[in-house]
Amino acid sequence: MELTLSILIGFMIIGAIFAIHAKDLLSAVISVGIVGYSLVIVFLLLKAPDLAIVQIVIETITLIIMVAVVLDSTREELKIKNDFKSFTNITLSIIFAAVLLFFFVQATADLNSFGQHSLRMADAYVTGAAEKTGSINLVTGILFDFRAYDTLGEVTILFAAALGVLTILRIKGKK
Amino acid sequence: MIVYILCFILFLVGLYGLITRRNLIKIVISLSIMEFSVFLFLVIIGYIDSGIAPIVDLKETNQIYVDPLPQAMVLTAIVIGLATTAMLLAIAIRLYRKYKTFDIREINNLRG
């Protein structure tokens, strides 16, 4: 199980690196599709079918929007010349990555190893959830019953984003 | 443990793209890669080896389910991720129409 996951995540890393280094913006967008759709397979392997369904829909929508944007503008990647500034940038990012690595090690030291998770937090949600909420799908039960206000906030954000996109694309700016 | 490290590497790849690229579309791409790695990490934490998908079988009691709580939270986060990505892309295409480029070094009209 862990090996299969590692191979898939390695695949995702390769797709991500190619997406960042691609010379053509369209192929960069398609490579993000590799990452997103591999994520769907990983979710299925991790026993999260709801997430896989949502992710495949969202990834398709995002890809369509991205391809539309790229085809509507330009496909060419900018030429970046290696100067002193990019050298400082790389140094800064390495330092930043080292700091992040420190916190990552600290944070994962207390985690259970892969597959040994305990249901300490979710116990109250899981026991008798089907009787309490009337939904045999626990994820739906949590999302629309125990944490319904979270879902309300999520829908508010989605509505605000849709309004924002409409406003940004409609108004005519000064030349 | 190795899957945690691979998730972290995926996050770092996104961060690297975010810092080093100068193209708005590439920046959006890097942000969504970082998003994916965080979703992956949260769902991996909730996985239990002998667990089944969190859909209750009313006949069988004493089943072990994988943790449904991170899954519900990640579901919310995925949808919000779509909202932010769409917003970023709208701003990017708007900037392209004004400046005829995606280069963030040339989009500097707000500089004081």
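Predicted, not measured: the structure shown is a model, and the values here were computed from it.
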For B:I2 and A:S6 the tightest heavy-atom approach is CG2-OG, 3.8 Å
So, for A:L51 and B:Q71, which heavy atoms are closest and what is the spacing to 0.1 Å?
CD2-O, 3.7 Å
Under a 3.5 Å distance rule, please check whether A:K47 uses its side chain to pair with a backbone N or O of B:V66 as donor and acceptor.
no
Side chain, backbone, both or neither of B:Y96 within contact of chain A (heavy atoms, under 4.5 Å)
side chain
Under a 4.5 Å heavy-atom cut-off, does chain A meet the side chain of B:Y47, its backbone, both or neither?
both
Could you tell me how the ring of B:F41 sits relative to the ring of A:F104: parallel (under 30°), tilted (30 to 60°) or perpendicular (over 60°)?
tilted
Given that the side chain runs from C-beta out, which part of B:I33 has a heavy atom under 4.5 Å from chain A: side chain, backbone, both or neither?
side chain
Nearest heavy-atom pair of A:V69 and B:F102: which atoms, and what distance?
CG1-CZ, 4.4 Å
How long is the span from the OG1 atom in A:T62 to the CG atom in B:L89, to the nearest 0.5 Å?
8.5 Å
Identify the two heavy atoms, one from A:L169 and one from B:A90, that lie closest to each other, and give their separation to 0.1 Å.
CD2-O, 4.0 Å
Relative to chain A, which segment of B:I64 carries a heavy atom at a distance below 4.5 Å: side chain, backbone, both, or neither?
neither
In terms of heavy-atom proximity below 4.5 Å to chain A, should B:T76 be classed as side chain, backbone, both, or neither?
both
